[in-house]
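Structure first, then comments.
Side-chain atoms are counted along with the backbone in the values below, which use heavy atoms only and exclude waters and symmetry mates. As the structure is a prediction and not an experimental result, all values here were calculated from the model.
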Amino acid sequence: MASRFQQRFAELDTPDSLTDEEEIWSLIRFSLVVSRVVLFVAIILISEVMESYFIYDLSLAIWSLIIGIPLFLLLSLSIILGDKIMTNEENTPVESAVLRPIRERI
């Protein structure tokens with residue numbers, strides 16, 4: 001048990017191989033994911049609780065869906081696009097005949 005703790009502490013001392021951009025993106029991504037979860041819960045709560053209040057002849061439950069769903073999609077899209085931008089081209093596999101045997105060879 002003590003060796004496990006020593007091994008974990010030794011792993012904490014090793015430096016990360018992440019660049020500053022990757023660390024910044026991980027923090028931004030975390031905040032986007034948390035805000036997306038909060039938005040999802042807020043949409044459900046508002047749509048359940050605020051059915052009796054009306055603005056412009058629509059209940060707040062409908063307004064929460066009208067505003068919340070596009071915001072949820074926008075947050076999801078920004079997370080997906082940010083992940084695509086931050087992935088390195090070096091991590092993509094090299095295409096070869098072994099990986100793609102059906103393709104026509106040039």
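- Summarising the geometry, atom CE belonging to Met50 is positioned 9.5 Å from atom CD1 belonging to Ile55; distances are rounded to the nearest 0.5 Å.
- Aromatic ring pairs are classed by plane angle as parallel below 30°, tilted from 30° to 60° and perpendicular above 60°; the pair Trp63 and Tyr56 is perpendicular.
- Applying side chain to side chain contact (heavy atoms under 4.5 Å, CB included) to Phe40 and the options Val37, Val38, Ile44 leaves one that passes, Ile44.
- Between Ser76 and Arg36, the shortest heavy-atom contact is OG-NH1, 3.1 Å.
- Follow the hydrophobic side-chain contacts under 4.5 Å out from Ile66 and you reach Phe72 in the same cluster.
- Taking OG1 of Thr87 as the start and CD of Glu22 as the end, the distance is 10.0 Å to the nearest 0.5 Å.
- Within 6.0 Å of atom OH in Tyr53, 12 or fewer heavy atoms from other residues, nucleotides or ligands are found, so the atom counts as exposed in its surroundings.
- In this structure, CD1 on Ile79 lies 10.0 Å from CG on Leu74, to the nearest 0.5 angstrom.
- For the pair Glu51 and Ser59, the tightest heavy-atom approach, listed with the atom from each and the gap, is O-CB, 3.5 Å.
- For the pair Trp25 and Asp83, the minimum side-chain heavy-atom distance is below 4.5 Å.
- Remark: Ile28 CD1 to Met86 CE distance equals 9.0 Å, nearest 0.5 Å.
- Hydrophobic clustering, with ILVMFWY side chains joined whenever heavy atoms are under 4.5 angstrom apart, keeps Leu75 apart from Leu45.
- The heavy-atom pair separating Ser64 from Ile43 by the smallest distance is OG-O, 3.8 Å.
- Separation of atoms CG (Leu65) and OG (Ser47) is listed at 5.5 Å; rounding is to 0.5 Å.
- To the nearest 0.5 Å, atom CG of residue Leu73 and atom OG of residue Ser78 are 10.5 Å apart.
- A single hydrophobic cluster is seen to contain both Ile67 and Leu32, as judged by linkage of ILVMFWY side chains at heavy-atom distances under 4.5 Å, directly or through other members.
- By the 4.5 Å heavy-atom criterion applied to side chains, Leu60 and Val49 are not counted as neighbours.
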